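First comes the structure, then the notes that go with it.
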Number of protein chains: 2
Amino acid sequence: MRMNEGVEWALHSCLNLTWMDPGRAVPAARLAAFYDLPAAYLNKQLQALARAGILTSTSGPRGGFRLARRPEEITLLDVVVAIEGAEDAFRCEQILKKGPGADPEADYRKICLISQSMRQAELAYRKELASRTIADLKADVERLYPATPGATRAWFANARP
Amino acid sequence: MRMNEGVEWALHSCLNLTWMDPGRAVPAARLAAFYDLPAAYLNKQLQALARAGILTSTSGPRGGFRLARRPEEITLLDVVVAIEGAEDAFRCEQILKKGPGADPEADYRKICLISQSMRQAELAYRKELASRTIADLKADVERLYPATPGATRAWFANARP
DNA sequence: GTCTGCATACTCGGATAAGAGCTGTCCGAGTAGCTTAGG
DNA sequence: CCTAAGCTACTCGGACAGCTCTTATCCGAGTATGCAGAC
């Protein structure tokens with residue numbers, strides 16, 4: 001059960017975007033260069049975020065990506081779901097239906113206690129992720145590493161590849 | 001992020017084993033036939049449970065698998081870890097280390113706030129799974145579906161493929 | 001000087017390959033029980 | 001009848017393919033910009 005690598009990239013990129021001037025789009029290539037990531041592949045992940053309504057994309061010169069809504073309104077769960085999809089990791093295949101004495105009409109995804117337990121655990125996971133926003137991350141970083149926002153902003157403003 | 005299919009099989013098989021006579025081993029083929037699963041592949045999953053010390057295996061005629069310890073001492077997390085491995089789903093690749101102004105000595109898996117948040121969510125997930133044992137499942141099934149234990153025991157005692 | 005049209009370069013977006021991991025299968029090593037022969 | 005040796009059949013265990021999903025890359029569609037030329 002390995003999570004998509006792109007989740008880490010997407011979270012860091014969203015965080016970096018919070019420090020950009022509002023209305024200023026950043027190209028995927030620039031975001032990728034910041035961490036020395038493969039640009040085309042990061043672009044793919046950012047596309048997913050755009051489809052999910054987390055980012056807005058602009059084509060052409062001076063185009064790129066920017067946050068579609070305020071950092072307070074973007075949870076970590078939003079980003080994870082945008083990249084990984086909304087499906088649960090544990091997929092109940094209803095093997096009870098193949099067992100003896102099964103009810104062909106029953107929906108074992110609901111009544112199977114194993115399925116319920118696994119779903120409850122994933123619910124706790126999602127709840128934790130949903131309780132934390134990009135704004136929370138931003139605030140914590142600015143408190144613990146006060147130099148980071150300025151340095152990041154400067155890098156994106158100056159560095160010309 | 002899809003979880004291994006074998007987790008579902010393993011959990012159901014462990015639960016079924018709680019209803020067997022103690023000291024009585026059940027072959028993988030029999031456990032597989034109960035849900036019409038591919039026997040060789042289920043065998044592979046049960047091997048993993050045996051390696052993890054959840055089951056004990058016996059070769060030869062009248063051999064098979066049985067629970068290695070009491071159902072109260074087997075958590076859902078034990079089973080999931082046995083099949084999926086102990087690694088976290090989210091693997092922090094420390095991309096901050098590639099960024100400008102990074103500290104080559106720092107362990108960003110510990111100080112990166114994104115990594116911390118993701119780990120905290122997985123901790124909640126694991127905590128939930130660890131709080132529920134096979135014995136809990138057994139008790140709930142026996143309460144909600146009183147016919148199941150007897151029917152299961154009878155199937156394993158009678159059915160000769 | 002100002003406006004308009006055009007060429008240009010830039011960026012996203014989806015279509016297209018390589019690699020890793022999960023899924024599924026097979027056969028060999030080892031063991032318990034049965035059969036058979038001998039005492 | 002009892003015992004013991006050998007044989008048989010059964011079961012786990014790990015080694016071996018097929019397939020899906022992740023990872024990575026490339027090229028085309030569309031657009032804002034800047035330039036050139038006409039008014």
Side-chain angles (χ1 to χ4, degrees), chain A residues 1-10 13 17 23-33 35-66 68 80 82-85 87 89-91 93 95 156 160-161, chain B residues 1-10 13 17 23-33 35-66 68 80 82-85 87 89-91 93 95 156 160-161:
Chain A
M1 188 175 57
R2 293 176 53 161
M3 175 168 283
N4 198 312
E5 177 77 20
V7 170
E8 185 180 4
W9 304 357
S13 294
L17 283 174
R24 175 94 173 194
V26 182
R30 186 70 65 83
L31 286 167
Y35 294 120
D36 193 25
L37 301 174
Y41 191 32
L42 177 64
N43 187 26
K44 197 178 185 62
Q45 314 295 346
L46 298 179
Q47 282 174 37
L49 294 182
R51 272 194 297 272
I54 295 171
L55 302 181
T56 58
S57 61
T58 313
S59 281
R62 307 190 63 78
F65 295 91
R66 59 173 161 265
V80 169
I83 304 288
E84 289 286 332
E87 272 185 59
F90 179 88
R91 302 153 290 141
E93 294 289 345
I95 65 175
F156 277 100
R160 284 274 156 204
Chain B
M1 186 174 60
R2 293 175 53 160
M3 174 169 284
N4 198 311
E5 177 76 21
V7 172
E8 185 180 4
W9 304 357
S13 295
L17 283 173
R24 176 93 171 195
V26 182
R30 188 69 66 83
L31 286 167
Y35 294 119
D36 193 24
L37 301 173
Y41 192 32
L42 176 63
N43 187 27
K44 199 180 184 61
Q45 315 296 347
L46 297 178
Q47 281 173 37
L49 295 182
R51 272 194 296 273
I54 295 171
L55 302 182
T56 57
S57 62
T58 313
S59 282
R62 307 191 64 77
F65 294 91
R66 58 174 162 266
V80 169
I83 304 287
E84 288 287 331
E87 272 185 59
F90 180 88
R91 299 154 292 139
E93 294 290 344
I95 65 174
F156 278 101
R160 285 273 157 205

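In the text below, chain A, chain B and the rest are named by the order of the sequence lines, each starting its count at 1. Just so it is clear, the model here is predicted, and its values are computed rather than measured.
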message: Just verifying a value: how many Å separate E8(B) CD and E93(A) CD, rounded to the nearest 0.5 Å?
response: 6.0 Å
field: Atom-to-atom span, CG of L46(B) to P of dC12(D) - whole angstrom
entry: 8 Å
Length of the line joining Q45(A):CD and dC12(C):C1', which is rounded to integer Å: 15 Å
message: Can you work out whether P27(A) or L42(B) has the more 5'-proximal nearest nucleotide on DNA chain C?
response: P27(A)
query: Between I83(B) and M3(B), is a side-chain contact (heavy atoms from CB on, under 4.5 Å) present by the stated rule, with each step listed?
result: CA-CA 10 Å; I83(B) 304 287; M3(B) 174 169 284; over 6 Å; no
- prompt: Rounded to the Å, how far apart are I83(B) CD1 and dG24(C) P?
  reply: 14 Å
- prompt: When the nearest nucleotide of DNA chain D is assigned to P38(A) and to S59(A) on a heavy-atom basis, which residue is associated with the more 5' position?
  reply: P38(A)
query: Base, sugar-phosphate, or nothing: which does A28(B) touch, judged by heavy atoms less than 4.0 Å apart?
result: sugar-phosphate
- prompt: Considering only side-chain heavy atoms of S57(A), which listed nucleotide, dG33(C), dT11(D), dC12(C), is closest?
  reply: dC12(C)
message: Which residue is it: L46(A), T56(A), L49(A), T58(A)? I am looking for the one with a side-chain contact (heavy atoms from CB on, under 4.5 Å) to F65(A).
response: L46(A)
task: Starting at atom CG of L37(A), determine the distance to atom P of dT23(D), rounded to an integer number of angstrom.
output: 13 Å
message: Need to verify one output field. Residue with the more 5' nearest nucleotide on DNA chain D, A39(A) or P61(A)?
response: A39(A)
- prompt: Which heavy atom in R66(B) sits nearest to a heavy atom in G23(B), and how many Å separate them?
  reply: NH1-O, 3.6 Å
Validation: residues 36-44 of chain A side-chain donor-acceptor distances under 3.5 Å, sequence neighbours left out:
from, atom 1, to, atom 2, distance (Å)
Y41(A), OH, Q45(A), NE2, 3.3

- prompt: Between atom CE of M1(B) and atom CZ of F90(A), what is the distance when rounded to the nearest 0.5 Å?
  reply: 13.5 Å
statement: For G53(B) and A68(B) the tightest heavy-atom approach is O-CB, 3.4 Å
query: Quick one: what's the B/S/- string for nucleotides 14-22 of chain D, heavy-atom cutoff under 4.0 Å, read 5' to 3'?
result: BB-----SS
Integer-rounded Å distance: dC12(D) P and R62(B) CZ: 14 Å
- request: When you get a sec, tell me which of dC12(D), dT11(C), dT33(D) is the closest nucleotide to the side chain of F65(B)?
  value: dC12(D)
Rounded interatomic separation in angstrom, taking CZ from R30(B) and C1' from dC12(D): 16 Å
